[in-house]
Visitor: 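A single structure is presented below for examination.
To find a chain, count down the sequence lines: A is the first, B the second, and so on, and within it residues start at 1. In what follows, every heavy atom counts, from backbone to side chain, and hydrogens, waters and symmetry copies are set aside.
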Amino acid sequence: MQNPYLPYPVRIDDITIETEDKNLKTFRFVFLNPEDENKFDYQAGQFAELSVTGKGEIPIGIASSPTEKGFVMFTVNKVGLVSSHLHAMQAGDIMGIRGPLGNWYPWEQLEGKNVVIIGGGFAFTTLRSSIIYMLDPANRSRFKDIHVIYGARSPGMLLYWDELSQWEKRDDINMHITVDGTDDPNWKYNTGFVPTITEQKAPPADKDTYAIICGPPIMIKFTQPVLDKLGYSHDKIIMSLENRMKCGIGMCGRCNIGEQFVCKDGPVFTLEQLNQTPKEY
Amino acid sequence: MKIVKIDKKTWAAGIEKLTASYRLFGPVKEGDFHNFKELGSGEAPDLDCLNTRLSAKAIIYPQSENMFEYSLDESREDHHILKEVDTDYSPRAVIGIRPCDAKAFELVGLNFDTSEYKDPYWIKAREATTLIGLACSSPGSNCFCTTAGCGPFHEDGLDALVVDTGDHFLAKILTEKGEQLFAAAGWKQEAKAAGKQIEALKQEAEAKIASSVNTDNLSALDTTQLYNASFWEDVSFSCINCGTCTFVCPTCWCFDIQDETHGNSGVRMRNWDSCMYPLFTLHGTGHNPRGTKLHRVRQRFMHKLKYYVDKYDAGIQCVGCGRCVRSCPVNIDIRRVCELMNSFDSEKDTCAA
């Protein structure tokens, strides 16, 4: 019997500080047993439990894309016991990864559709995975227009800056980067909260347009009415939830919203589905 | 299905024989209460026990259980890599488990043994265990098993059901595992005609169950309307979130996972947890989706009486053992809550949004 609680052993290959407050770091992991990489067969939107031996596990969205081979990547905010310990670890250290877990963005359904990605703050990790996945030469033709609205408090708080600037230069993706505010006179992108920029830049709703939203509760709260105003129907608004988790496989009982487990039945739900469940997230 | 007659004089000798091939567990009196214990040599299960204070769930699903072990000693090649622990899954048998506790394992199995994921700890322990039930001829005053999908002579989950007729025992052998245990104990005197006698005792016992729940409307109710019902304020008002209901419950399965390190080595373990505790759902940001006791009390009852009902279409997640009713320090009664839920009418609910 395969033990679903046993993590794959991994080595930290590289650590990047992502934000000016140094509270977000991206960890690149390499599997100690190369065959485990094939078993860790994931899709953009899934998460995994990062296992810091002796401290515990944390559920984190996978920031690398299935099209990127040889490593997996996670961006972690320093918050509690495990993430603080992880932030103090060094390249070369050994730990574990358990997954992939949960469902993913509905890529088959999104085929042939316009995709509007709306992200805020550090909830941009599985969205990065999704963008890299869609922009892959083997995949780009499967999707129509791609819009990305991504905001953070300040320019220094935006994740994956080098990639964002690369995407800005491409003509097969419409980038709308924004910050809440900045005193940088050379800032050449948008200034304003994500809901405002969404209202200005998001394409109008039609039957072939889906929005994927990931961000802090406050951003979601104010973006949803904007999408309503733009005419997006709730079955075309796709969201990824977070809840406290332990097992990641629907057994330990804490992350449920109604009869659904965020870890196993989610984390990806449409707004239409969420309208039918208790708002316990 | 075979019926075996056991002379009470040969009971103790049979139990003693079983110790050669099984680890035995049974109800034993400790202070004012009975609980399940591993039986030492010469120790017999106390069959006069109405029911134990804690359920039998810990025999298969321990309150604390090691999952993995690890070393942090970097001079070792396998440092920081989790390894499975050695756990004793040799055959074990529970003698004198009540039908409600046995049925509870069937309910809990729906959580731990799924088509997608298998919990190896629970499944291996369940497979290693033979359950010899003791039918309830005199059920307790809080027992409501007959309307909770169970009953005093219920057989689901059991390998054999023992009935005390007064001067001897009659046992229905229900499974291959039960067959093997009876062979090992040397109880083999068949009583082919005793079926009618057991049936009569069963009906007599069922008639003694004085307490009941109505569950017929639960699946048809709208989840969000029920969730927003005004009675939750009243139901949860006296709750002190002590978690007793979840610990005594045979069908509560929630757990936590923790690493415990001593020096350079340690274990990843799991422990029973409870939806009554704020920490159960607390986010790293400080946000808590079930931040009030109303949320938590509602979660417990909605899980048992609505989410579970909808998810598995196998009745309620309760076997009617009555433990939570007996043990709750503030007298919250699942039978009353079930009635409020089952008779809920959103149009008449004054506070419902």
Side-chain angles (χ1 to χ4, degrees), chain A residues 1-11 32-33 49 51-58 77-84 89 93-96 98 101 216-217 241-262 264-265 275-281, chain B residues 67-68 70-72 74 78-84 111-112 114 116-124 222-224 227-228 252-261 265-266 268 270 273-275 279-285 287-290 295 298-299 302-303 306-312:
Chain A
M1 201 181 315
Q2 202 194 324
N3 190 329
Y5 301 101
L6 182 65
Y8 298 121
V10 294
R11 179 171 45 78
L32 286 193
N33 309 312
E49 290 279 352
S51 163
V52 176
T53 313
K55 297 295 169 188
E57 294 183 317
I58 42 172
N77 190 24
K78 186 172 150 189
V79 178
L81 175 80
V82 178
S83 59
S84 299
M89 288 171 73
D93 286 348
I94 304 296
M95 50 179 281
R98 190 158 67 80
L101 299 167
L241 301 189
E242 291 187 346
N243 252 355
R244 188 184 181 98
M245 292 174 189
K246 289 286 179 171
C247 71
I249 55 175
M251 289 183 183
C252 79
R254 56 176 49 59
C255 73
N256 69 298
I257 48 166
E259 66 173 280
Q260 314 247 49
F261 287 104
V262 173
K264 186 170 77 70
D265 305 309
N275 290 339
Q276 307 298 317
T277 69
K279 305 263 173 294
E280 291 189 341
Y281 47 87
Chain B
M67 307 172 82
F68 303 105
Y70 52 80
S71 170
L72 305 178
E74 300 205 354
D78 61 356
H79 71 88
H80 289 84
I81 295 178
L82 298 184
K83 284 179 297 295
E84 304 211 37
N111 184 60
F112 285 126
T114 72
E116 270 174 285
Y117 294 107
K118 309 262 176 217
D119 184 288
Y121 310 99
W122 190 90
I123 291 173
K124 284 184 200 164
D222 179 85
T223 298
T224 44
Y227 180 87
N228 290 315
C252 273
W253 61 57
C254 292
F255 61 88
D256 186 24
I257 300 176
Q258 290 288 334
D259 285 10
E260 204 166 86
T261 308
S265 62
R268 178 161 293 170
R270 74 161 161 203
D273 206 342
S274 171
C275 56
L279 191 60
F280 190 58
T281 50
L282 181 68
H283 287 202
T285 57
H287 168 66
N288 195 337
R290 292 201 278 268
H295 280 101
R298 174 171 56 192
Q299 160 63 18
M302 285 292 279
H303 186 210
K306 179 60 181 165
Y307 305 152
Y308 182 94
V309 171
D310 289 348
K311 187 166 191 143
Y312 299 109

Visitor: Using heavy-atom distances under 4.5 Å, tell me whether A:Thr277 contacts chain B through its side chain, its backbone, both, or neither.
Guide: backbone

Visitor: What part of B:Met67 gets within 4.5 angstrom of chain A, counting heavy atoms only: side chain, backbone, both, or neither?
Guide: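 Side chain of B:Met67 only, per the 4.5 Å heavy-atom cut-off to chain A.
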
Visitor: Is B:Leu72 in contact with chain A via its backbone, its side chain, both, or neither, using a 4.5 Å heavy-atom distance?
Guide: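 For B:Leu72, side-chain heavy atoms alone lie under 4.5 Å from chain A.
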
Visitor: Quick one: does any side-chain atom of B:Arg290 pair with a main-chain N or O of A:Arg254 as donor and acceptor, under 3.5 Å?
Guide: yes

Visitor: Parallel, tilted or perpendicular: which one describes the rings of A:Tyr5 and B:Tyr121, with boundaries at 30° and 60°?
Guide: tilted

Visitor: Are the side chain of B:His80 and the backbone N or O of A:Gly96 linked by a donor-acceptor pair below 3.5 Å?
Guide: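 Side chain of B:His80 to backbone of A:Gly96, a donor-acceptor pair under 3.5 Å: no, none is there.
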
Visitor: Answer with side chain, backbone, both or neither: which region of B:Ser265 has an atom nearer than 4.5 Å to a non-hydrogen atom of chain A?
Guide: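 No part of B:Ser265 comes within 4.5 Å of chain A.
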
Visitor: Name the region of B:Gln299, side chain, backbone, both or neither, that has any atom closer than 4.5 Å to a heavy atom of chain A.
Guide: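 It is the side chain, since no backbone atom gets that close.
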
Visitor: Pick one of side chain, backbone, both or neither for B:Thr223, based on which atoms fall under 4.5 Å of a heavy atom in chain A.
Guide: side chain

Visitor: Quick one: does A:Arg244's side chain have a donor or acceptor within less than 3.5 Å of a partner on B:Leu279's backbone?
Guide: yes

Visitor: Given that the side chain runs from C-beta out, which part of A:Asn256 has a heavy atom under 4.5 Å from chain B: side chain, backbone, both or neither?
Guide: both

Visitor: Sort B:Asp273 into side chain, backbone, both or neither according to what part of it lies under 4.5 angstrom from a heavy atom of chain A.
Guide: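 When you check distances to chain A, only side chain atoms of B:Asp273 fall under 4.5 Å.
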
Visitor: Looking only at non-hydrogen atoms, find the nearest pair between A:Gly54 and B:Asp259 and report the distance.
Guide: N-OD2, 2.9 Å

Visitor: Does any backbone or side-chain atom of B:Phe112 lie under 4.5 Å from a heavy atom of chain A? Answer side chain, backbone, both or neither.
Guide: both

Visitor: Counting only non-hydrogen atoms closer than 4.5 Å, does B:Tyr117 touch chain A with its backbone (N, CA, C, O), its side chain (CB onward), both, or neither?
Guide: both

Visitor: Against chain A, label B:His303 side chain, backbone, both or neither, depending on which of its atoms sit under 4.5 Å from a heavy atom there.
Guide: neither

Visitor: Do the non-hydrogen side-chain atoms of B:Ile257 and A:Cys252 ever get within less than 4.5 Å of each other?
Guide: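 No, their side chains stay 4.5 Å or more apart.
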
Visitor: Using non-hydrogen atoms only, which part of B:Ile123 is less than 4.5 Å away from chain A: side chain, backbone, both, or neither?
Guide: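 The answer is the side chain of B:Ile123.
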
Visitor: Given that the side chain runs from C-beta out, which part of A:Val52 has a heavy atom under 4.5 Å from chain B: side chain, backbone, both or neither?
Guide: backbone

Visitor: Nearest 0.5 Å please: distance from the CH2 atom of B:Trp253 over to the CE atom of A:Met251.
Guide: 10.0 Å

